[in-house]
Protein chains: 2
Amino acid sequence: MATDTYTRILDSAQSLIVTRGYNAFSYADIAAAVGVGKATIHHHFPGKADLAVAVIARYRQATVDGMGAIAARVTQADMRLRAYVGFWEQCIRDDNAPFCIAALLASELPSLPPEVVEQVKAHFDELIDRLAGFIDEGLRSGALKSPDNAETSARVLVASVHGAMLAARVAGGDAALFSRITQPALQRLTG
Amino acid sequence: MATDTYTRILDSAQSLIVTRGYNAFSYADIAAAVGVGKATIHHHFPGKADLAVAVIARYRQATVDGMGAIAARVTQADMRLRAYVGFWEQCIRDDNAPFCIAALLASELPSLPPEVVEQVKAHFDELIDRLAGFIDEGLRSGALKSPDNAETSARVLVASVHGAMLAARVAGGDAALFSRITQPALQRLTG
DNA sequence: GGTTGTCTACCGACTAGTTGGTCTGGAGTC
DNA sequence: GACTCCAGACCAACTAGTCGGTAGACAACC
């Protein structure tokens, strides 16, 4: 199912989307990066939208898995939130995947094919849902505090992370700036 | 200097960038929207980067003017910040220009021509500077409070606004959601 | 008061290159 | 021999950008 070429195309597409967005990468870019013909990409992903959908679908799964791993590994609610934010800080620091592709695609939303829009929305819903789960648990146990409900608190935290990503990107990949900006949103919940 | 056609091209480019970003609009789009030939656009703006630079430069001026107007009209520091956030809430509600073009371009930053990158960075610097000015004044007078310095506080607020814009766009232009997400960042300063 | 020259504003037709996508066909495998 | 995987050549449509040329405004000159 997931052959090597298939995965490498997906990897390449993902890193191109992270740096350029949906509209500024082409089949030729991927073909050159992976070292295959353009037709090979079409073989695995009939259209550009299919490719993007596959990238986000995998990204969504990775997010769900990652949040699940945090839930399993970390027991304290405040540390779970710190792990989420810390993950992105590390990504920016390593210049690995220094931007959430869903956030990037969200900004381009009005110019995206409907299937892609659907995936982006689904990712946001999922992410908010998982974080709200962490926060809800923390509020019940008294480990966290917030004047708002868990869902709103999660949205505020995510917005802070996305805004901080933008700021870090403008500052040339400044992970320390990202950390500085996201800290208040964390402190607001962790006290 | 600034003829009618010139301004209309600029207007059209700006609204196209707001909805689609830099890479997903073309000279043909603008030509069709304005009702002129493509060559006319090239006459006023030799290259696509020149056009984008002109759009952002005008946007920067409008931002500086707008912040100046707030400073002149509103005396209380907390109300100045509310005016800034409220401006964007209104833009989203009216579906007028429901996204900051600099924030949108910032997400595409790695794929942008250097002249455009420069303008985007300059806008961020200017915006942070003006807001930090408001906050600094408020901190001195005791109208605002913050554990951080004015510059960091301004960055946190801007990140919150940009993150909330993304959330509102994903939610289909939900101005109430934008307001709900930005409120904590305001409350943090206004108490 | 014509004539000439120069300027800006604009257009239709063009270019070279790129876009996503299709077609045919070959190599390897089960 | 059917199937998956892949490449090369190709396509129409589109991209930013260029070309020569036109229409009008303004001025200078004789």
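This one's a predicted model, so the numbers in the text were calculated from it and none came from an experiment. FYI, side chains are in, hydrogens and waters are out, and symmetry mates aren't considered; it's all heavy atoms of this structure. Chain naming here is simple, since letters A, B, ... match the order of the sequence lines and numbering starts at 1 in each.
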Let me know the distance between OH of A:Tyr27 and P of D:dA12, rounded to the nearest Å. 20 Å
Which part of the nucleic acid, if any, lies within reach of A:Phe25 when heavy atoms closer than 4.0 Å are counted: base, sugar-phosphate only, or nothing? sugar-phosphate
What is the separation between atom CZ on B:Phe45 and atom P on C:dT8, rounded to the nearest whole Å? 16 Å
Could you tell me if the ring centre of A:His43 sits under 6.0 Å from that of A:Tyr6? no
Choose from C:dA9, C:dG21, D:dA7 the nucleotide whose nearest atom is closest to any side-chain atom of B:His43. C:dA9
Interatomic distance, B:Ile30 CD1 vs D:dC14 P [rounded to whole Å]: 17 Å
Under 3.5 Å, is there an N or O donor on one side and an acceptor on the other linking the side chain of B:Lys38 and the base of C:dG12? no
Among D:dT15, C:dC23, C:dT19, which nucleotide has an atom closest to any side-chain atom of A:Ser26? C:dT19
Whole-Å gap separating C1' (C:dG21) and CG (A:Leu51): 13 Å
Whole-Å distance separating the CZ atom of A:Arg20 from the C1' atom of C:dT19: 13 Å
Can you check the A:Leu16 CG to C:dG20 C1' distance for me, whole Å? 15 Å
Side chain of B:Lys48 only, please: which of C:dC23, D:dG17, C:dG21 is the nearest? D:dG17
Less than 3.5 Å apart, any donor N or O on the side chain of A:Arg130 or A:Thr63 sitting next to an acceptor on the other? no
Lys/Arg N to Asp/Glu carboxylate O, A:Arg60 vs A:Glu126, below 4.0 Å: yes
Atom pair distance, as rounded to whole Å: CD1 in A:Ile9 and P in D:dC5: 11 Å
Hey, does the side chain of B:Ser179 reach the backbone of B:Ala175 with a donor-acceptor pair shorter than 3.5 angstrom? no
Between atom CG in B:Asp4 and atom P in C:dT8, what is the gap in whole Å? 19 Å
Is it true that B:Arg82 and B:Thr190 share a donor-acceptor pair across their side chains at a distance under 3.5 Å? yes
Nucleotide of D:dA7, C:dG20, C:dC10 approaching A:Thr40 most closely (side-chain heavy atoms): D:dA7
Considering only D:dT15, C:dG12, C:dG20, which nucleotide approaches the side chain of A:His42 most closely? C:dG20
Any side-chain N or O of A:His44 less than 4.0 Å from the OP1 or OP2 oxygen of D:dC6? yes
